[in-house]
Every structure is written in structure tokens, then in C-alpha cells.
Trainee: 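Here you go, one structure.
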2 protein chains.
Amino acid sequence: MDDSLLLPDVSDESFMRLALREARKALAAEEVPIGAVMVHDGKVISRAWNQVETLKDATAHAEMLCLTAAQSAVGDWRLDGCTLYVTKEPCPMCAGAIVHCRPSRVVFGCSDPKAGAAGGWINLLQSNPPLNHACEITSGILAEECLFMIQTFFREAREKKKENPRREYRFEEGE
Amino acid sequence: MDDSLLLPDVSDESFMRLALREARKALAAEEVPIGAVMVHDGKVISRAWNQVETLKDATAHAEMLCLTAAQSAVGDWRLDGCTLYVTKEPCPMCAGAIVHCRPSRVVFGCSDPKAGAAGGWINLLQSNPPLNHACEITSGILAEECLFMIQTFFREAREKKKENPRREYRFEEGE
């Protein structure tokens, strides 16, 4: 028997699948489907999905909630050695928060060339200096699945908007 | 009698004094002394002080807590028509969060030419586009008092650090 079958799958793809599972929770709640997990020593220490509408809080992006939960899990704001997996490139707020919390790596699915802050529009994760931390970045992990989920959401949202024109989503279409 | 004496003081200075009062609460808790208040129609709807160490959460800047509390107060993530007063120029995380929540104005005390994101280093509050909101900015309100409090904190922190070298603060000295 191949011993590798007994080992846990700690590949970037396997953790991005868990982030996608979080994104599906957002989708079920009619939120823009973005999910995140934080990993330390090959183990998930926090997971979260975008809850802007659910919490009526425009700062409740998946990354923010995942960072806060990870800090609770380790009992410290320093997330050295951790890797954040998120289905979409972080926005400036989330990238700024990531730098404050200092995970070692950020792995994301689809890019956001328009307003992303991990290289798409600007790169706050690797500005060091002036920001006092830099993260290793890996992009494009399961990018098509991550993007497809977001695109599908906005296509359906356009249809629903015909029924309820006042509904507005916190992410720009196409992000 | 001068009728103006009966009117509430809705000047930028008066609200910045309230933000400074919040900053003093941070100081009393041995946090970097930064405070914020959110104002709508001349009334304070939320107030907060930096609680990074207290909450063990590197994202718990005064602005973030003030935005979240303001959203709770109005029952919506949209803060149109609101003005955020904060004693120091917002960092990229906070500026990104402000843009998501859409207050109309941001008024700050001292600038952060090194890493500020309201014109000091970059300007995320007026990037529109690509970010989908822009705020009016007023800077320099009670700047000396705001800066003096932060500088005093760091001077005292240097002395305390001699006693406890492991203590580290989430803001860079001189910010």
C-alpha cells in the first residue's frame, strides 16, 4: 500500500477547496461567494465566508473574519507561520489587515485586476517598506472555479435585481 | 444674549476633541492612543479607541471599531452623509474599510507621511475609480495635540520596553 495515502493532503489545492466550501456558504446566504481558511502547520485554524449582508457590515469580508477568528484561535494578533487561503484576491482593506496580522503566505484563487491589492491593482502585501511586513503570494489556485462561482452569482443577481431593484451588493460586478 | 450660545458646537474641532477623548481611553489601557468618532447630522453615532492589545486583534484599530459600531447604530452598512473623525491619518486597512462603508467625509488630526492611506503615502479615499467611493478629506485638525499624544506614548513605551523587552506595539514608532 502506498504510504502517501495515509498522509493528510496539505496541498494548496486541498486548502483552496476548503475555502471554496466556505464560499458556497456565502452563496447559500445570498452573499457574494468568497471564502477563506487560515492554515498553520498543515491544519486549518479558522475559516470564514463573506457576511457583509448577513451582518450588515461592509467590513465583514471573508478574509477579515478569518483573520479575527485565527487570532482568537492562537490567542495572539501575530499569525507568523500561517497561510491564508482565499478564493479571490484581497481588496485594499483586507490586504492592509493581512499585513497587520503577519501571516507568512497568502494564496488566492482568482485575481482582481481592477481593484485587487495583492498585485492586481496595487500590492500592499509586498510594499515592505513602508508597511512593516511582507507576505509570500501564490495566485491562481483553482482560479477558474473561484471566478466561476462569483460570475454565476452576479449573473443571477442581475436577474433578481429586476424583481428587487433596491438590492445592492458590496462587491462590484466583475471583481 | 447671543443665540449661538444655545446651539451645539458642531465644528470639526469640537468633534476632534471627542476623538481625542477616545484616544485617552486607549492611552489609559496602554494602547497606542488613537481615537475616532462618527458623526451624522451633527450627532455622534459611534465612538471607539484603538484596542489592538486589549482584544488581541491587530485589526481592532479605532476606525474599524468606529465603523462597525456606526453600522450597528444605523442598521445598515451604508454610512452616506456621515463624517468620520480620527486623531491620526488612517492606514491602508482602515482607508479601505472606510471606502467600503461610504461615509461622505473623513477628518483627521495628524498625518502619517510614511504609511498613511489618505494622502500621506497613498490615497485610497480618493482613488475612485477603481474603488467605488470617494470621501472628502480634511486634515490637520488639532494635529499637534493628536501627534503629541502618540509621541508621548512611544517615548514612554521605549522606557517601559527596557523593563519588558518582549512587548511590541502594533504601530510603528513615529507613525
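Chain letters run A, B, ... following the sequence lines, proteins first, then strands; residues in each count from 1. Note: hydrogens, waters and symmetry copies are ignored here, and every other heavy atom, side chains too, is used.
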Trainee: Can you pull out every salt bridge (Lys or Arg N to Asp or Glu O under 4.0 Å) where at least one residue sits in residues 126-145 of chain A? Sequence neighbours excluded, please.
Mentor: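 Residue pairs with at least one partner in residues 126-145 of chain A: A/Arg17-A/Glu145, A/Arg105-A/Glu136.
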Trainee: At a heavy-atom separation under 4.5 Å, does B/Leu79 approach chain A through its side chain, its backbone, both, or neither?
Mentor: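 Contact with chain A: none, neither part.
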Trainee: Pick one of side chain, backbone, both or neither for A/Leu55, based on which atoms fall under 4.5 Å of a heavy atom in chain B.
Mentor: neither
Trainee: In chain order, what residues pass the ring pair (Phe, Tyr, Trp, His ring centres under 6.0 Å) check against B/Phe108, with sequence neighbours excluded?
Mentor: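 By the ring pair (Phe, Tyr, Trp, His ring centres under 6.0 Å) rule, B/Phe108 matches no residue at all.
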Trainee: Check B/Lys25 with B/Glu22, please: is the shortest side-chain N to carboxylate O separation under 4.0 Å?
Mentor: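 A salt bridge is present here (some side-chain N lies under 4.0 Å from a carboxylate O).
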Trainee: Could you tell me whether the side chains of A/Glu89 and A/Ser139 share a donor-acceptor contact shorter than 3.5 Å?
Mentor: no
Trainee: Check whether A/Asp57 gets within reach of chain B through its side chain, its backbone, both or neither, counting any heavy atom under 4.5 Å.
Mentor: both
